Every structure is written in structure tokens, then in C-alpha cells.
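Values in this document were obtained by computation on a predicted structure and should not be read as measured data. Keep in mind that the numbers below use all heavy atoms, side chains included, and drop hydrogens, waters and symmetry copies.
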Amino acid sequence: MLARLCLVLMAGWLAATSALAETFLVRDQDEYAQARRAVEAGDTIVLANGEWRDFEIVITGQGTASAPITLTSEEAGQVILTGQSSLRIGGEHIVVRGLVFRDGHSPRGEVVSFRRTKDDLANNSRVTEVVIDNFSKPDRYESDYWVGIYGRNNRFDHNHMVGKTNKGVTLAVRLDSPGSRDNGHMIDHNYFGPRPVLGSNGGETLRIGTSRYSMHRSGTTVENNIFDRTDGEVEIISSKSAGNVFRGNVFLRSSGTLTLRHGDNNVVERNVFMGGGEDYTGGIRVINRGQTVRDNYMEGLRGEAFSSALAIMNGVPNSPVNRYVEVEGARIEGNTIVDSRRIGFNVGADEERSAPPSNTTFTGNLLSGIEGESFLEVYDDISGITFGRNRVAAGGVASELSAFEQAPVEMERAENGLLYPVDPALAETGAPRDLQPVTLEQVGAQWYPKPGNDPVFGSSGSVIQVAPGTGALADAVAAAQDGDVLELAPGQYVAERTIPLNVAVTIRSAPSESGEHARIFFERPSLFELREGGNLQLFSLTIDGALAPDSVGNSVMRTTTYPIKSNLVVEMDGVTVRGLIVNKSFNVLSLGKSSLADRVSIRSSSFIDITGAIVSAAAETEDYGQYNVEYLDIVDNRFTNIGGPIANIYRGGRDESTFGPNVTFAGNRISASGMAATNGSGASLNLHGVQIAAVTGNLLERSAPIRVVHTVGTPTTTLTGNQFVGTPIFVLEELNYDGVHRAVQSDNIVFAQGTGE
């Protein structure tokens, strides 16, 4: 009887408490400020639908587990924070949901912060169904976090973050105060959408801790999130603290790895990595003590070295916390790695990183590489690793691992979408069969669309006919929508002003019976200025510099002088460029400071009488590891009388956090090029710090040599099948490596002047 009475009294008290809770609907920042001062446990502040510009939201207070203080939108997704806006949370038991940050950037170091001040941290609080979409600072090298989590026992779930283009971690768990350590945070069911290549260190998607606090326990759980095309740098997740759990996450076509960079006793389990055959897609990198890597599934990964499917690092003896603590006591078991390029043991071994793994086990793993390629590689002593019950189905195996059982394995795809061996004897080898990878429908804010795979060019489906004339091309570009195709009738086009470009446009000659191309002239120092969102594809055109003025910095295409947040793409196919001779350094394409091209592709084109470079991508000279182009493809072209280097590519410094540049220079014919007195490189092709280069099948006549300078990491350069007529062969330099140049050379032929073909 007494128990029943207590239950009735408790129910009455809860009802009374609920009845006292207030809801404040606010329509502007003044009303919000009044509501914030009045809010108490159980109350809710509702932001009215609409755009809230330059709104630095602050919310704090003392909610309770049963009566939190809530900040929400009138309708999910209908409250848009724009301009210079941010959110700071302090106090206890605060819940924020349903907001969208878009069309702006934070005026602070964080967009969303789980602290109001250094003394008012958020605890037991939650941010859910919040969207941060392309809310980046204008300068790609000005750093901020999109989310900073402080305090203890906070949850960040079902949020959507996509398109961070500036330096800084997308989400950081901070341990810089005692009140934020051993924190018990939960980061789950979030959608981490495409993050483009940064071209610099500082492009991690998620980081827990820093090297300074890496010996502290964070105790954060990262569970059931999706990382979709998060390509910022080599570390997708950077764990820099102890006691974290990474469980049930899915990585889709994401370059880089989940990296146990600093800190001990972390667990990585039941994650799924699907590379889709994309460059640099990786799995897990193991460093430090007591790490557990078990029951993970990896497929279609193409990374190697630091971005291998599995990279077990060498360490630095008696390492300081900011370098590489040796692997000790790691357990790596029950993982499946299929159709992947590389597993590496003792990765990074060099004079400094000379401490091999110890007291480590590698057991029960199912491994399958690419037939005909090296797969399991060993770079130092592996006597400190115990191996057992590992099966290799395909791919080359280092001699030190010859004891591994090697035989083909028949596999079939299960209902969960993953491959498993058919043979019952292998049922306990590799990833468990009860994995249930989280789906796109289960993560992020359900009411906000996730980005698709739309092509850069031609996506609108609109083909617009343009007639010849002065100003016709500029007018057509000004009216173009993203993805339009401008088709130019045969004839002459004169641009009286530089044409600004902030959409993706294809410009091509219309088909004609005579095969005549449209001819473009320009009367300003540049024909096109590439701005934010500008991408350019040129087909079957002739561009002539005869009308260009003599001006410093002349270039057919150049990036704007102010920073560009988004990465750009430039493609040329079947294009003729000629007569860029009005001054001594007239380039075709100039990529300036704080700009990065995802890809520049030049194919089947002809360049005649040009005083400068065809591609100038050497603006980032501070040696911070920054560069201007990720992929450069120059294939099957003709270059005649080019004064500068055909391509001038520069990446300086010793940072190892990014993958590029990646250059293919193949099948080209070069004549009388690279010889101008203004060409400081003294080369017809200047590759400084390029990470992957293939220079193959080119013919150089009476030209300057090709110059390749290796700087950081383990660059891969292939120089094969080239012919040199009256031309020095190669100038090769190594800046941070003792030994002969690491370029692979074969079948290159040097002819004296007047001989050859």
C-alpha cells in the first residue's frame, strides 16, 4: 500500500514539474536574449523559422536528466544560421537540435562549442540533428574547428557535416583542462560528408586529444558514424589520447586512415572500410602501446605506406609524445582485408623511427591483395610480432612472412554486403559474420539531403549555342548556370574584359563540316578568372594571345587574387593555344596562393610560342607542405617554343600529412622549350616535392632537361621510355634522403643533335 502511494505521489510531482516548464518562441536576437536569461530546467527555447544572420548563440543553465534545457528550431531544418554565426553551450543537461549552419562562417575558432567560456564547460549535454554545410572560413589556411567538445558525458549524434574547405579539424575532442579528461563522450550516428583535399596538414575529420595531452585518458566512444569521401589529409580520424573506442563506423571512398597517432589502450573494432578502388583509400594505422584492432572489414583500399589498409608503424626509441611511440602490446586479430593494395609492417622505418613493434600479436586475419602485386610488405625487424592462423588468398607476400598460409579462397557476399569465405574451415578467420554496417539512412539528420555523385561538368544538361562576336563569350559565361555547356559556332570571339567564372562550365566548338574551331582572342591580361565555384572545361578551341596587353602576370586562366575555398578542376582537350609572347612570362594557367586544383588535365592539345609556363602551380613557397594541384595529367600534347617549364609544380617542407601532388606526363612531344632566361628552374618540366610522378614516353628536342626534386616521405617517380634529342636527360635531386635518387629509370634514350627519329 505504501509503495503504491509513493508511486502516485511521484507521478503527481512529475506532472506538476512538466506543467511548470515553459516554451519560449523567439523571433529575433533580442527576444532570444530575454528568453535565455529566463530559462530554467525543463524549459524550451524555440527559434522561429527563417534566416538568422550573424547570430552568436549562447546557451547555458542547470538542466537535469529528466528536465533538460532545450534549444530547438520551430521546424527541423527551417532555421538557417548564416553570415558570421556560432553556437556555444555551457552548464548541465542542455539539448540543442534542428539547426542549420550555412552560407557563412564562424567568427570564432569553432562553429559549435561545448563550452561557453573556459570556466563554463558543457556536461551531460547533447547536440543532435544539427547541420553544418560548407560553413568554412574564406581562406583555406585560416584554421578553425567546426565542433569542439569539452566537459564530460556529452553526446553528439545524428548530425550532418559536409564540405569543410579550410584548415582545422571538423570535430575535435579537447582535453586541455582537467574537466574535459576521462570524459565519457559519445559521438554516434553522424554523417561526416565529403571533405575535399586540403593540400596541407590540418585536414583531419575527427581528432581526439593532441600530442600535448596524449598521455591522458579521453574515454570517448566513436560509434556507428559514416565517413563519406572525407579526403582532407592522411588522417581521417586522429586518436591522440588513451582509452578511446572506435566501433561500428563505416568509411566510404575516403582517402587516409583511422590513425592511432598518440595515446595508449585504444580499441578499434567492427568498423567497415569500403575504398571503392579510389586512390589513397586506407584502413587503420597502429602506433603506441596496448592497442586492440579486431573484427574489422576492409575492401577495395588502394593506399600504401601511411595510408595502407593496415600499417603497423616503427617507432622512435624513447620517443617524445609528439613523435612516434613504438608499438608495444598490440592485438590485431580477426580482421578481413580483401582486394586491397597494401599491408605494411614497420612502416616509416628510418634512422629516427628505428624501434620495431614488440610483444604484439597478429592472428586470425583473412587477407587478400591484388593478384600480381606486392601485398604484405616488411620494412624492418618483425621478431617482436607473433603470427598465427592468418590466411593470404592473393597478392605477394614478403619472404619474412612466408609461414603465412597462402592459397586462394572462394568468397561470397552475405546479406550484410560483405565478403566471407565459403569454406566452413575458415568460419573463424577474419571479420565476424554478424557485422551490420550502419547505413546512410541511419546517420545524420533525416530531413537534410546527403550529397550525391554529380559530375562536375555537363550536369545541367543544357547546351547553349553561342554566335561569334565581340563580348559574346563573356555574355554567355555570365548567363551560364552550373553544369552548362556553351557551344561556340565557328568564327572569331573577342573578350574585351576578363571573364569571371564561379560555376562549372564547358566551352567547346560546335561541330562543323570544315572542322574549323572557334577562335578566342582577349584584350585583358587574362581571359578567365577562376573564382569560388569556378571550374572550366575547354574542348576543340583555339586561344590566341595576339590582342593581349603587356602586363605583369599575364595568364590565359588564373585564380582570383583573394582566397578560394572550394577546390577547382580545369580540363583542356583538343585545344590550341598560341602567341602568348607580349611579355616574358605569359602563362596558360596560373594557380595562385590559397588555391588548390583537384585536377588539371591537358590532353591532345597544342601549345606554340608561349613565353611562360603552361601550368604554374608553385605559389605555396613557405615550405609548410602546402601545394596548388592534387592531380596533374599532361598527356599526348605538342609543345613548341615554350619559354618556361611546361609545368612548374612545387611542394616544400617535410610534412607527411597529405598525398599529392600526383603528376602524369606522358606521350608528349616537346621542342625548343624551357630555354628562356626568365625560367629560374632551368627545366622544361620542374617537379619539386611531387609525391607520385610518371614521366613516360615523351620526346624532347633541343629543350631544357626535366628536373625532379624529392623532398618528403617516400616519393614514387617513374622515368621510362623517354627520348632526348639534343637535350640533357634528367636533373635529379634528393633534399632529405641520403643515397642515390629514388626515381626508377628505364629505357630512356639520349640522341645527339640531328639524330633520333
Side-chain angles (χ1 to χ4, degrees), residues 101-102 104-106 110-112 130-148 156 159-173 187 190-208 222 225-239 249-259 261 273-276 278-282 303 306-307 440 443-445 448-454 456 532-533 563-569 594-599 625-627 630-631 655 657-660:
F101 289 87
R102 194 172 62 204
H105 62 90
S106 173
E110 294 160 331
V111 179
V112 175
V130 166
V131 172
I132 309 177
D133 185 350
N134 288 280
F135 206 71
S136 299
K137 292 188 182 296
D139 188 335
R140 70 170 53 246
Y141 298 127
E142 183 181 355
S143 181
D144 70 351
Y145 304 138
W146 271 7
V147 180
F156 188 81
N159 300 292
H160 177 117
M161 286 155 287
V162 62
K164 192 176 198 297
T165 56
N166 67 305
K167 189 173 183 177
V169 183
T170 305
L171 186 156
V173 175
I187 300 168
N190 300 289
Y191 176 72
F192 294 95
R195 177 167 186 176
V197 174
L198 179 63
S200 168
N201 185 22
E204 304 98 322
T205 295
L206 191 156
R207 190 185 71 208
I208 303 177
V222 179
N225 304 280
I226 286 182
F227 297 82
D228 178 14
R229 292 165 283 171
T230 49
D231 297 336
E233 62 146 272
V234 71
E235 296 179 11
I236 304 168
I237 294 178
S238 183
S239 181
N249 303 288
V250 172
F251 299 79
L252 301 174
R253 292 176 294 160
S254 293
S255 300
T257 63
L258 189 167
T259 302
R261 183 64 184 89
F273 300 78
M274 304 295 283
E278 297 287 338
D279 287 354
Y280 310 124
T281 49
F306 282 15
S307 63
L440 286 168
V443 300
Y448 201 84
K450 297 177 175 66
N453 298 299
D454 294 334
V456 176
E532 184 69 37
I564 300 175
K565 293 193 296 183
S566 59
N567 295 358
L568 55 93
V569 175
S594 295
S595 68
L596 178 68
D598 275 336
R599 183 177 296 276
Q626 299 163 186
Y627 50 96
E630 188 69 20
Y631 286 91
D655 179 75
S657 299
T658 46
F659 299 110

- Message: Parallel, tilted or perpendicular, judged at 30° and 60°: which one describes the rings of Tyr448 and His160?
- Response: perpendicular
Decide yes or no for [X] and [Y]: does some side-chain heavy atom of the first lie under 4.5 Å from some side-chain heavy atom of the second?
X      : Y      : answer
Val197 : Tyr627 : yes
Arg253 : Asp228 : yes
Ile236 : Arg195 : no
Phe306 : Thr257 : no

- Query: Under the criterion side-chain hydrogen bond (donor to acceptor under 3.5 Å, both in side chains), which of Lys167, His105, Lys164 is the partner of Asp144?
  - Reply: Lys164
Identify the two heavy atoms, one from [X] and one from [Y], that lie closest to each other, and give their separation to 0.1 Å.
X      : Y      : value
Pro194 : Val162 : CD-CG2, 3.6 Å
Val147 : Ile132 : CG2-CD1, 4.0 Å
Asp139 : Ser594 : OD1-OG, 3.2 Å
Gly193 : Thr230 : O-CG2, 3.4 Å
Asn201 : Glu233 : OD1-OE2, 3.1 Å
Ile564 : Ser595 : CD1-CB, 4.5 Å

Separation of [Y] [atom2] from [X] [atom1] (nearest 0.5 Å):
X      : Y      : atom1 : atom2 : result
Ser255 : Phe659 : OG    : CZ    : 5.5 Å
Tyr280 : Thr658 : OH    : OG1   : 9.5 Å
Glu532 : Asn134 : CD    : CG    : 8.5 Å
Leu206 : Thr259 : CG    : OG1   : 11.5 Å
Thr205 : Asp231 : OG1   : CG    : 8.5 Å
Trp146 : Asn166 : CH2   : CG    : 8.0 Å

Heavy-atom donor-acceptor pair, [X] side chain to [Y] backbone, under 3.5 Å:
X      : Y      : value
Lys137 : Ser106 : yes
Asn249 : Val222 : yes
Asn159 : Val130 : yes
Asn225 : Ile187 : yes
Glu204 : Val169 : no
Asp598 : Val569 : no
Asn190 : Phe192 : no
Ser254 : Phe227 : yes

- Query: Quick one: do the Ser566 and Thr165 side chains pair a donor with an acceptor below 3.5 Å?
  - Reply: no
